[in-house]
Amino acid sequence: MRLKKKKEKTKIDLAMEEGWRNRRILVQSFFFLLFLILLFQTTSDAPLKLVNLFIRFDPLAALIISISSRSFLFKFWFWSLITVALTLLLGRVFCGWVCPLGSLLDFFNYLSNQKIRFKSALKYNFGTPFLVLLLTFAFFSNSTFLFLDPLVLMERTFGSTFYSALSVFSQWFSNLLVLISPLHNLIDRAQIFLINQGLITDPPRFSQASSLIFLIFLGVVAMNFIAPRYWCRNICPLGALLALLSKTPLLRKSLNLKLCNDCGKCLKNCRFSSVNNKRVNADADCVLCLNCYARCPQKAVNYNIALPQNLRQTNYDPSRREFLTSLALGVGIALISPTDYLFLKKNPFTIRPPGSRIKITSSGVEESEFLTKCSRCGLCLKVCPTNGLQPALLETGLANFLTPVLKPRIGYCDYSCNACGKVCPTGAIEKLSLKEKQKRVIGLAYIDEKRCIPYTEYKNCTVCEEVCPVSKKAIILKKVKTITPFGEKVSLLRPKVLRKHCTGCGICENKCPVPYVAAIRIYSPALSP
Amino acid sequence: MNLNSPLKRRDFLHYLFKIILLALVAPVFSCENKVREEPTVIKSKKQNTSETPPPPKKPFPSQKLPDVAIVKGKDFSVITKKAIDEIGGIKAFVKKGDKVIVKPNLCMAGRSPEYAVTTHPLVVATVVKLCYQAGASKVFVFDVPFNGTPIGAYKDSGIYKIARKVGAEFIIPLKRRYARVSFPQGRDIKAWLIYQDVLEADVFINIPIAKHHSLAGLTLGMKNVMGVIKNRSQIHWNIHQRIADLNTVIKSHLTIVDATRILVRHGPTGGSLKDVRHPKTVIASANVVAADSIATTLFKKTWKDIGYIRLGQEMGLGVADLKKLKISRINL
């Protein structure tokens with residue numbers, strides 16, 4: 001009986017859901033697919049021009065980075081102003097139709113059919129305070145919290161965690177198939193095909209904060225449990241910014257009171273509570289999902305170009321108290337954080353990607369321009385062909401959480417690649433030509449003579465010298481005649497580093513056959529006086 | 001499972017049994033990529049890896065033809081063809097329906113051909129073309145660079161562009177396809193991981209570029225074989241013996257040393273045009289040791305200076321002594 005009733009209901013619903021709502025879902029899936037395609041295109045040998053398109057559309061990142069780095073990023077603003085203009089005209093279309101995180105949350109909502117569970121939680125809007133906090137931080141030259149921007153979050157999570165998970169899964173699956181079936185060659189061929197398409201890698205990539213990145217993403221998705229798209233309506237800082245912009249949009253919904261029969265369907269179907277029970281609009285909360293429009297049995301809801309006075313309207317207005325509290329909190333944290341050693345920690349192994357806007361001085365590496373411009377989107381990590389670029393955890397200080405660092409033991413800086421500068425949407429990593437990049441110093445190699453094989457084992461091993469790609473080798477071999485502890489006379493080739501030629505690409509550390517910690521290591525370039 | 005009623009012993013055992021079953025199945029999905037320890041298809045028509053072949057008394061089958069051809073000229077594809085024709089033509093090596101692996105030396109991505117770090121694309125493309133003319137079913141180009149991705153190395157060396165037009169296929173290495181192979185003749189190596197496609201192929205054509213190498217002295221045909229194995233850096237610990245050992249299993253049926261440009265200093269990665277010389281020569285031989293031995297003369301060295309060539313002759317892999325070789329020199 002129950003099932004039958006449900007079926008009837010859905011039939012009626014389906015009849016009403018036609019039209020614009022379906023078109024919205026189509027557009028959402030199109031943008032989500034575009035997002036995925038662009039992300040998978042982000043490999044070092046694919047055309048790299050527009051792969052960072054989604055982040056460029058982000059006005060929040062543009063605003064925060066412009067303020068915190070005290071510079072006007074023309075290329076960035078050019079794209080994000082399109083979003084701003086769209087919001088001023090149509091309201092929060094970006095949230096409802098374009099944002100890939102919003103589409104994903106909508107999809108999860110569709111799967112689990114979530115309802116508002118904790119109504120009281122909806123009262124508190126954390127979005128605007130969060131935005132104020134971000135802006136306050138930006139005035140203190142800090143863009144750490146940009147890592148919670150929805151587009152940045154999506155790029156990072158899909159580019160590092162899910163991308164590697166796909167390769168791991170394909171490996172599990174193919175290993176299983178190889179065990180079961182005799183078609184080894186066919187399975188291998190299929191896997192190589194997927195590698196060529198850029199969908200998987202062999203061996204799978206990994207990132208050192210992969211599970212943490214996933215947990216942040218999981219938290220955002222789990223907020224759907226409180227209410228559908230709780231993240232978007234109450235926490236998302238980009239949503240809050242767009243809400244401020246769409247206070248009085250040109251296109252707005254209106255209710256024909258003569259036709260309305262108080263059935264309340266619009267209230268039920270609105271996931272953003274932008275139609276409340278007095279049937280008044282809150283345009284700043286409306287993402288134009290068109291559920292109310294499509295599902296109104298009386299066709300009383302309409303969208304048209306209208307001026308504010310025609311409508312009954314609540315003004316979206318974050319209270320003054322809310323604003324002042326978050327401002328005080330932001331200033332407080334921004335003032336206290338420099339007193340904590342965790343925030344400022346310097347690490348001699350901090351190697352930034354080539355072209356990072358850092359200055360090497362005699363007293364250390366000045367990173368502030370790079371750090372304020374970095375949006376933590378992780379595109380450079382995704383594009384790095386050797387998987388050497390990794391998101392920093394705590395090793396460079398808490399404030400620099402998730403910024404890219406090169407870990408030579410995992411992967412070196414490929415001599416034939418300058419992709420990270422090409423994909424960086426904010427210009428934190430400079431776009432270098434291949435020749436410029438090959439000369440850019442990012443670190444310096446030091447030999448640990450207590451572990452190096454020709455020094456300790458009295459055996460020849462010239463791997464670091466062999467792989468050194470610089471045209472005048474930065475590692476030279478010195479012929480030495482010594483006596484081993486057993487009294488044998490041997491002549492050996494021992495490596496020495498010529499710091500003048502070394503660019504710190506890290507291939508020597510990567511290929512060093514000494515297990516775990518290599519016998520030749522790359523240090524920060526500031527170490528050389 | 002009913003959570004309201006207490007768990008019965010029977011049910012408990014039931015669940016325990018299921019969990020144990022799951023735990024037994026789970027290792028199948030282990031994340032570690034397992035190497036196929038004993039490859040199913042190793043033996044091919046020409047390569048017998050399990051039996052120890054007797055040392056060749058007469059290293060070259062036909063007495064009329066020269067053992068080694070050294071051809072000098074301006075057109076690299078012409079001199080390559082001439083050199084192969086001189087030692088019996090490609091049909092002596094490639095039969096109809098054969099799977100051929102062409103192994104150039106692409107040690108790193110990011111160097112264009114003029115730096116003399118990678119094998120010249122014209123030489124490779126000519127060999128691929130000749131193989132197809134002789135009736136080869138498929139010709140694969142294969143090398144794994146130590147710096148950069150394989151695709152990047154194929155593209156930067158110029159081989160991808162030219163050889164693909166002729167029909168060559170490019171192998172992208174897969175971790176799972178390295179197979180453990182035992183070395184019955186090896187003096188230092190007992191077993192090593194070798195790429196399976198190389199073991200399965202009917203013909204293995206070795207096309208090294210002649211260049212300087214800091215530890216081995218020179219990089220030539222015998223050392224070029226290192227591209228198809230895993231854990232390359234461990235070879236360096238006893239480089240000459242280990243390279244000679246590798247050549248006992250990975251046999252080059254045809255070796256073409258590309259000496260159109262050679263790198264005399266700062267090898268193997270080079271990077272400066274000052275270190276490049278232009279002998280414009282191609283050396284072809286059915287025997288790696290003989291081809292390598294002759295290539296050393298371009299660097300004003302003898303085969304006795306290079307340890308692995310000396311050991312190669314000692315272990316019966318071929319003849320290095322120039323007096324015992326029949327050499328034909330041609331200037332085009």
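Owing to the predicted nature of the structure, the values given are computational and were not obtained by experimental measurement.
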So, Arg176(B) side chain and Gln171(A) main chain: donor-acceptor pair closer than 3.5 Å or not?
-> no
Search all heavy atoms of Ile172(B) against all heavy atoms of Ile195(A) and return the closest pair with its distance.
-> CG2-CG2, 4.3 Å
Heavy-atom closest pair, residues Ser214(B) and Leu477(A) = CB-CD1, 3.6 Å
Any side-chain heavy-atom pair from Asp275(B) and Lys472(A) closer than 4.5 angstrom?
-> no
Under a 4.5 Å heavy-atom cut-off, does chain B meet the side chain of Glu466(A), its backbone, both or neither?
-> both
Given a strict heavy-atom distance threshold of 4.5 Å, which part of Thr462(A) is in contact with chain B: side chain, backbone, both, or neither?
-> both
For chain A, the option from Cys107(B), Gly152(B), Pro268(B) that forms the most heavy-atom pairs under 4.5 Å = Pro268(B)
In short, Gly148(B) meets Asp414(A) closest at the heavy-atom pair CA-OD2, 3.0 Å
What part of Tyr412(A) gets closer than 4.5 Å to chain B, counting heavy atoms only: side chain, backbone, both or neither?
-> side chain
For the residue pair Glu465(A) and Leu215(B), establish whether any side-chain heavy-atom pair is separated by less than 4.5 Å.
-> no
What pair of heavy atoms forms the shortest contact from Ser416(A) to Asp156(B), and how long is it?
-> CB-OD2, 3.6 Å
Contact class of Cys468(A) relative to chain B, heavy atoms under 4.5 angstrom = backbone
Interface residues of residues 232-242 of chain B facing chain A - non-hydrogen atoms under 4.5 Å apart = Ser233(B), His236(B), Trp237(B)
Determine the option with the most heavy-atom pairs under 4.5 angstrom with chain B, choosing from Leu493(A), Val467(A), Ile453(A).
-> Val467(A)
Proximal component of Asn510(A), with respect to chain B [non-hydrogen, under 4.5 Å] = neither
